[in-house]
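Counting starts at 1 for both ligands and their atoms, following the listed order. Keep in mind it's a predicted model, so treat the numbers as computed, not measured.
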Amino acid sequence: MSVIGCGYLGAVHAAAMASIGHDVVGIDVDEHRVRSLAQGSAPFFEPRLEELLADGLEADRLRFSIDISDAAGAAVHFLAVGTPQVAGGHAADLRFVDAAIDALLPRLCPGDVVAGKSTVPVGTAQRIAERIAATGAELVWNPEFLREGWAVHDTLTPDRIVVGTAASVEGERAAGILREVYRPAVDGGTPFLVTDLATAELVKGAANAFLATKISFINAMAEIAEAAGADVALLADALGHDTRIGRRYLGSGIGFGGGCLPKDIRAFAARAEQLGRGEAVAFLHEVDAINLRRRERAVQLVIDALGGLVFGKRVAVLGAAFKPFSDDIRDSPALDVAVRLRGLGADVVVTDPAAIDNARAAHPQLGYARDRDEALRDADAVVIVTEWDEYRRNLSPVHAGSLVAGRVIVDGRNCLDAAAWRAAGWAYHGMGRR
Ligand code: UGA
């Protein structure tokens, strides 16, 4: 099989497919990325990826190339290129999808399966299916639900596999081929759902819209809790015991970021508007607005905690990645909080176990410390914005208190034990917590 596009999605997919016995070539236009992958080195932080790369390369089941003609001869071509937000708008930019299809078209043979994994606006798959029809290859849509940080786990043991096909004998055959591709997971009990193309595309957009809505729901409750003197973390625990609601994705704080949820809800709404159904997902604009308000709120908490002014104050920012177990800083709320504080004249020192290099490249104006304790030293306030274990579990409030100039902490992820921090003499400020 070939995997076209070796970013977070494609690189992991290629390595994971090789690990279950397939013969895989990963294709990408980025020479540096291809070279790194071919040497077994992951171009981004992703647990277990390098292990899989090493195994696949050694077993000769995995290779990487910048030459799309190396995709020729593969029976299944996975399309895993990025679909970023267009500059100056909310829709998805399909430039890389179209370029990949352009390049692949002359290499397709009758009976080949092209399996789209990229997150695309509904209707894209039909358009691609029409473009490749003359080659005799068949298009299926096979959305990906992996989470960064858990990408290998989610690829090898997904909670469901969705395959959208055309309603035809060829479509049915292509779905059968995908079932074979994923046999270990299917045999292990993973539900395998066959749908039409449009439904498969929608499952992905709807899943991310739902997750984003759940996070913004609890963050909206945090706003109410703040005004009412209630505690949103306790509220989330109590809500979560209702199995119809569930506790997951009720983590309150500075909200969601990353390369997926923010852009995907915008692209979903933009596509709904094109389809004349914008009002059906008008709530997603509110989900977005609630989410962005939380970053501002975290900054305000730091300002208030420091008596109204952050100018010239040293603020230790714990975290830069958009979430733990990742070095991804795309649309990171953590880094956004740091940038806003810096913009107000604070002397910001950011630390993160994995994302400092990426953060520094994007925001060289911020101060950085590789060492957590160095970041904490002499800080007038501390703000935790990415809940890495180094900050959440393994940082003792007594030890932290011995390093800082002022025992003021803003918990942007509601992940600390407030009582323990207060007992160690800290002024603890959660988001929507008493
Ligand atoms: C998300 C989805 O979870 C995946 O299923 C999907 O495949 C992926 O997007 C994608 O479209 O490719 P990911 O972006 O890796 O995965 O991140 P999540 O783990 O979902 O976290 C997203 C953001 O929400 C993070 O900033 C995280 O800190 C935040 N979050 C998450 C909360 O603020 N509260 C929560 O309770 C959970």
Side-chain angles (χ1 to χ4, degrees), residues 5 7-13 44-47 80-85 92 117-120 142-155 158-162 201-222 232-233 235-237 239-240 245-268 287-288 290-295 297-298 319-337 352 355 384-388 391-392 411-415 431-432:
Y8 285 92
L9 167 57
V12 174
H13 192 68
F44 45 82
F45 178 94
E46 187 60 51
V81 295
T83 52
Q85 191 172 329
K117 294 196 86 60
S118 307
T119 300
V120 294
N142 172 219
E144 181 55 60
F145 306 104
L146 65 81
R147 299 157 297 167
E148 285 177 28
W150 296 90
V152 171
H153 169 274
D154 289 352
T155 305
D159 47 20
R160 77 286 211 194
I161 296 166
V162 176
E201 291 169 304
L202 267 185
V203 174
K204 174 58 190 249
N208 277 359
F210 193 88
L211 294 172
T213 303
K214 206 170 171 191
I215 299 168
S216 276
F217 175 84
I218 201 64
N219 282 330
M221 294 305 107
V232 72
L235 174 72
D237 288 343
L239 286 175
I245 299 174
R247 182 63 175 82
R248 297 179 74 193
Y249 282 78
L250 287 184
S252 54
I254 56 169
F256 60 81
C260 302
L261 298 192
K263 80 161 173 67
D264 287 355
I265 59 169
R266 290 171 196 154
F268 198 73
V287 164
D288 208 350
I290 293 166
N291 191 52
L292 296 177
R293 274 207 298 274
R294 300 315 283 160
R295 304 171 179 196
R297 179 67 190 143
F322 83 108
K323 67 170 186 180
F325 303 108
S326 172
D327 65 356
D328 197 347
I329 54 148
R330 287 177 295 170
D331 208 345
S332 168
L335 206 46
D336 196 15
V337 167
D352 189 285
I384 169 163
V385 278
T386 312
E387 68 278 33
W388 288 96
Y391 317 139
R392 188 170 64 111
D411 183 358
R413 293 292 184 176
N414 287 344
C415 61
M431 298 195 64

Heavy-atom nearest option to atom 22 (C) of ligand 1, drawn from Leu261, Asn208, Thr386, Leu146: Leu261
Salt-bridge contact Glu144-Lys117 (side-chain N to carboxylate O under 4.0 Å): yes
Leu250 vs Lys214 side-chain heavy atoms within contact, under 4.5 Å: yes
Closest non-hydrogen atom pair, Ile265 against Pro262: CG1-O, 3.4 Å
Heteroatom proximity flag, Ser252 to ligand 1, N/O under 3.5 Å: no
Backbone or side-chain N or O of Phe145 under 3.5 Å from ligand 1 N or O: yes
Donor-acceptor contact below 3.5 Å, side chain Asn219 vs main chain Asn291: no
Nearest-neighbour protein heavy atom for atom 13 (P) of ligand 1, which is reported as residue plus atom name and distance: Lys323 NZ, 3.7 Å
Heavy-atom donor-acceptor pair, Ser252 side chain to Ile218 backbone, under 3.5 Å: no
CZ/Phe145: more than 12 non-hydrogen atoms of other groups inside 6.0 Å: yes
Heavy-atom donor-acceptor pair, Ser332 side chain to Ala334 backbone, under 3.5 Å: yes
Shortest non-hydrogen contact between Val12 and Glu46, atoms and distance: CG2-CG, 4.2 Å
Nearest neighbour in protein (non-hydrogen) for atom 30 (N) of ligand 1: Ile215 CD1, 3.5 Å
Numbering as shown, the atoms of ligand 1 that approach Glu148 to under 4.0 Å (heavy-atom distance): 15 (O)
Closest approach of any protein heavy atom to atom 20 (O) of ligand 1, naming residue and atom: Tyr249 OH, 2.6 Å
Atoms in ligand 1 with a heavy atom of Glu144 nearer than 4.0 Å: 7 (O)
Per-atom contacts, ligand 1 versus Asp264 - under 4.0 Å to a heavy atom: 11 (O)
Note, Phe322 side chain near Leu261 side chain (heavy atom, < 4.5 Å): no
N/O donor-acceptor pair under 3.5 Å between Lys263 side chain and Asp331 backbone: no
Any donor-acceptor pair under 3.5 Å from Thr386 side chain to Ala321 backbone: yes
Phe44/Glu148 under side chain to side chain contact (heavy atoms under 4.5 Å, CB included): CA gap, chis, key distance, verdict: CA-CA 10 Å; Phe44 45 82; Glu148 285 177 28; over 6 Å; no
Protein contact of atom 16 (O) of ligand 1 - nearest heavy atom, named by residue and atom, plus distance: Arg147 CA, 3.9 Å
Atom indices of ligand 1, in the order listed, that fall short of 4.0 Å to a heavy atom of Arg413: 28 (O), 33 (O)
Nearest protein heavy atom with distance in Å, relative to atom 26 (O) of ligand 1: Phe322 O, 2.8 Å
Leu250: numbered ligand 1 atoms lying under 4.0 Å from its heavy atoms: 36 (O)
Min N/O separation Gly257 to ligand 1 under 3.5 Å: yes
Heavy atom of Gly258, distance to ligand 1 below 4.0 Å: no
Location of contacts on Thr119 toward ligand 1, heavy atoms closer than 4.0 Å: neither
For atom 9 (O) of ligand 1, closest protein heavy-atom neighbour: Cys260 CB, 3.3 Å
Identity and separation of the nearest protein heavy atom to atom 36 (O) of ligand 1: Gly251 N, 2.7 Å
Check: Arg248 N/O within less than 3.5 Å of ligand 1 N/O: no
Phe256: numbered ligand 1 atoms lying under 4.0 Å from its heavy atoms: 23 (C), 24 (O), 26 (O), 29 (C)
